[in-house]
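All remarks here apply to the structure that follows.
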Amino acid sequence: VVSRQLMAHDALGAHARDEIGITEALSARPFQAAWTSAASFAFGAAVPLLAAYLAPAGHYVMAVALVSLAFLAALGGLAAQAGGASIWRGARRVLAWGLLAMVVTSAAGRLFGAVA
């Protein structure tokens with residue numbers, strides 16, 4: 001009887017709420033997601049820029065690489081902790097993939113003459 005009453009009023013809403021668990025509190029918020037993403041990217045970009053700004057002359061590349069790798073490891077550990085996984089394992093995984101991405105990018109730059 002209750003299910004019929006719910007289905008008569010708003011069948012899709014009743015199904016989403018009761019069967020799947022989708023509620024107003026859990027629904028997507030695209031503007032909040034966009035602003036959070038923009039802030040995350042800006043903060044993530046500011047870290048290597050600050051490293052380049054503070055690095056001594058001639059050591060920009062090494063400073064940016066080291067600071068970026070340290071930041072990646074910290075974020076990997078933080079994400080792992082938030083997910084209930086091993087902090088060190090998460091840090092190592094993100095660090096390894098970040099290092100691989102840097103190596104591949106550097107090799108491509110050298111291959112195409114963009115980096116001396």
Side-chain angles (χ1 to χ4, degrees):
V1 174
V2 174
S3 64
R4 287 186 191 153
Q5 290 174 347
L6 288 171
M7 296 293 279
H9 176 66
D10 181 14
L12 184 59
H15 178 69
R17 181 183 61 250
D18 298 332
E19 296 292 327
I20 304 174
I22 299 174
T23 63
E24 182 65 32
L26 298 176
S27 65
R29 295 188 177 119
F31 289 113
Q32 181 183 14
W35 284 110
T36 303
S37 181
S40 297
F41 276 103
F43 179 70
V47 172
L49 286 175
L50 185 62
Y53 179 74
L54 296 175
H59 298 285
Y60 303 118
V61 174
M62 187 58 68
V64 169
L66 291 176
V67 168
S68 296
L69 288 171
F71 194 60
L72 282 171
L75 288 175
L78 186 65
Q81 182 183 24
S86 166
I87 295 172
W88 295 110
R89 188 178 211 184
R92 281 193 312 265
R93 182 178 53 242
V94 173
L95 179 64
W97 285 109
L99 181 60
L100 179 64
M102 286 182 180
V103 168
V104 169
T105 303
S106 178
R110 290 183 190 279
L111 179 66
F112 295 108
V115 177

Using modelled atom types and a 3.5 Å cut-off, is there a donor and acceptor pairing between side-chain atoms of S40 and backbone atoms of T36? yes
Heavy atoms only: give me the nearest [X]-[Y] pair and the separation to one decimal.
| X | Y | value |
| --- | --- | --- |
| A73 | A91 | O-CB, 3.3 Å |
| G76 | V94 | CA-CG2, 3.5 Å |
| A55 | A63 | CB-CB, 3.5 Å |
| S68 | P48 | OG-CB, 3.6 Å |

If hydrophobic clusters are built by linking Ile, Leu, Val, Met, Phe, Trp and Tyr wherever their side-chain heavy atoms come under 4.5 Å apart, do [X] and [Y] end up in the same one?
| X | Y | answer |
| --- | --- | --- |
| F43 | L50 | no |
| V104 | W97 | yes |
| L95 | I87 | no |

Approximate separation, where rounding is to 0.5 Å, of S86 OG and R92 CZ: 6.0 Å
Passes side-chain contact (heavy atoms from CB on, under 4.5 Å), L69 versus L99? Steps please. CA-CA 7 Å; L69 288 171; L99 181 60; 4.0 Å; yes
